[in-house]
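Below is one structure; the comments refer to it alone.
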Amino acid sequence: MKDPIDSLTPMGVMVLALLREGDMHPYEMVRLLRVRDDDRLLTITNGTLYHTVSRLQKTGLIDEVGIDRDGNRPERTTYTLTDAGRSAVIAWVQRELPRVDRPTDFRIALAEAHNLERDDVVELLGDRRTALVEEHTAHRDGLAEAYAKGVPAQVLVEVERQEVLLEAELRWLDAFLTRLDGDDLPWGPSAFPDSDRYLAQRKAAQL
């Protein structure tokens with residue numbers, strides 16, 4: 001039997017993560033994603049999100065809980081997260097967080113990493129760090145060897161850029177892991193739901 005997370009798209013993961021915060025209708029989902037500037041991570045259109053919601057319902061990851069009509073507005077179907085959906089979003093983030101070969105999916109996984117326990121995130125990002133060190137070493141040593149062989153620098157510019165980016169990500173990752181290891185970084189779903197900013201975002205998305 002196919003694992004539900006194998007068919008999850010980044011948009012699907014973000015929808016499931018939204019529903020971990022509470023039941024909502026697709027219109028609210030779109031507005032909330034845009035209020036939070038999540039459209040910097042992927043293209044968000046009404047059509048794509050509604051199609052994603054339909055697919056998630058068909059696979060049993062979300063379910064309808066009611067249909068509302070307010071004045072002259074169209075009917076709005078409210079959805080809730082099923083137990084399978086709750087497990088799927090966690091499993092997807094756990095799978096993608098340590099990977100270094102899917103940068104787009106990693107950005108979504110990192111954005112949703114707060115859905116995991118702190119220790120779980122530390123372990124998964126530790127695995128990612130190991131893979132990044134290996135990749136950075138390969139780029140650095142490959143560049144040195146290429147230069148030694150007299151390979152023209154102009155054909156190595158992309159490799160140079162990637163080596164610098166890998167080095168920069170390792171510096172960021174080390175700093176982030178240090179913050180996670182301390183007490184100055186609140187973590188997890190319970191760390192922000194009652195904040196003024198969070199409540200303002202939800203209110204704005206419901207209008």
Closest heavy-atom contact between [X] and [Y]?
| X | Y | value |
| --- | --- | --- |
| N115 | A17 | ND2-CB, 4.1 Å |
| I90 | R20 | CD1-NH1, 3.8 Å |
| R55 | T9 | NH1-CG2, 3.9 Å |
| G12 | T52 | CA-CG2, 3.5 Å |

Can you hop from [X] to [Y] via hydrophobic side chains spaced under 4.5 Å?
| X | Y | answer |
| --- | --- | --- |
| L165 | W172 | no |
| L173 | V93 | yes |
| V133 | L177 | yes |
| I44 | V13 | yes |
| V155 | V157 | no |

Contact between [X] and [Y] at the side-chain level, heavy atoms closer than 4.5 Å - yes or no?
| X | Y | answer |
| --- | --- | --- |
| E134 | T130 | yes |
| R118 | D181 | no |
| E145 | V151 | no |
| L18 | R36 | yes |
| E28 | H25 | yes |
| L19 | M29 | yes |
| T43 | T48 | no |
| Y79 | V53 | yes |

Apply side chain to side chain contact (heavy atoms under 4.5 Å, CB included) to the pair L185 and L180, showing each step before the final yes or no. CA-CA 6 Å; L185 181 63; L180 279 174; 3.8 Å; yes
Cation-pi check, R128 to F106: give yes when NZ or CZ is under 6.0 Å from the six-membered ring centre and within 45° of the ring axis, no otherwise.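 Yes, a cation-pi geometry holds between R128 and F106.
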Apply side chain to side chain contact (heavy atoms under 4.5 Å, CB included) to A84 and list each qualifying residue two or more places apart in sequence or on a separate chain.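 If we apply the side chain to side chain contact (heavy atoms under 4.5 Å, CB included) test to A84, skipping adjacent residues, the hits are L61, T82.
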Checking A113 now: which residues fulfil side chain to side chain contact (heavy atoms under 4.5 Å, CB included) with it, not counting sequence neighbours?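 Listed in chain order: L97, V121, W187.
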Does the pair L8 and L16 meet the rule for a side chain to side chain contact (heavy atoms under 4.5 Å, CB included), with working shown? CA-CA 10 Å; L8 269 181; L16 294 179; 3.8 Å; yes
Rounded to the nearest 0.5 Å, what's the gap from [atom1] on [X] to [atom2] on [Y]? Could you check?
| X | Y | atom1 | atom2 | result |
| --- | --- | --- | --- | --- |
| L124 | R99 | CG | CZ | 13.0 Å |
| S7 | K58 | OG | NZ | 12.5 Å |
| T77 | I67 | OG1 | CD1 | 4.0 Å |
| I108 | E112 | CD1 | CD | 7.5 Å |
| L49 | M11 | CG | CE | 5.5 Å |
| L56 | L81 | CG | CG | 9.5 Å |

Is the side chain of R140 donor-acceptor paired with the backbone N or O of E135 at a distance under 3.5 Å, no angle test?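 Side chain of R140 to backbone of E135, a donor-acceptor pair under 3.5 Å: no, none is there.
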For D37, does its backbone N or O pair with a side-chain atom of R40 as donor and acceptor, under 3.5 Å?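 Confirmed, R40 side chain pairs with D37 backbone.
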Audit row: L32, M24, side chain to side chain contact (heavy atoms under 4.5 Å, CB included) steps and yes/no: CA-CA 10 Å; L32 194 53; M24 61 184 77; 4.1 Å; yes
Would you please say whether a donor-acceptor pair under 3.5 Å links the side chains of D23 and T80?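 Side-chain D/A pair, D23 to T80: present.
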How about CZ on R161, more than 12 heavy atoms from neighbouring residues, nucleotides or ligands closer than 6.0 Å, or not?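 For R161, atom CZ is not crowded (no more than 12 foreign heavy atoms under 6.0 Å).
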Is atom CG of D83 surrounded by more than 12 heavy atoms (other residues, nucleotides or ligands) closer than 6.0 Å?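 No, the 6.0 Å shell around CG holds no more than 12 heavy atoms from other groups.
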Stepwise side chain to side chain contact (heavy atoms under 4.5 Å, CB included) check, R95 with D105: CA-CA 10 Å; R95 185 185 71 181; D105 287 357; 5.6 Å; no
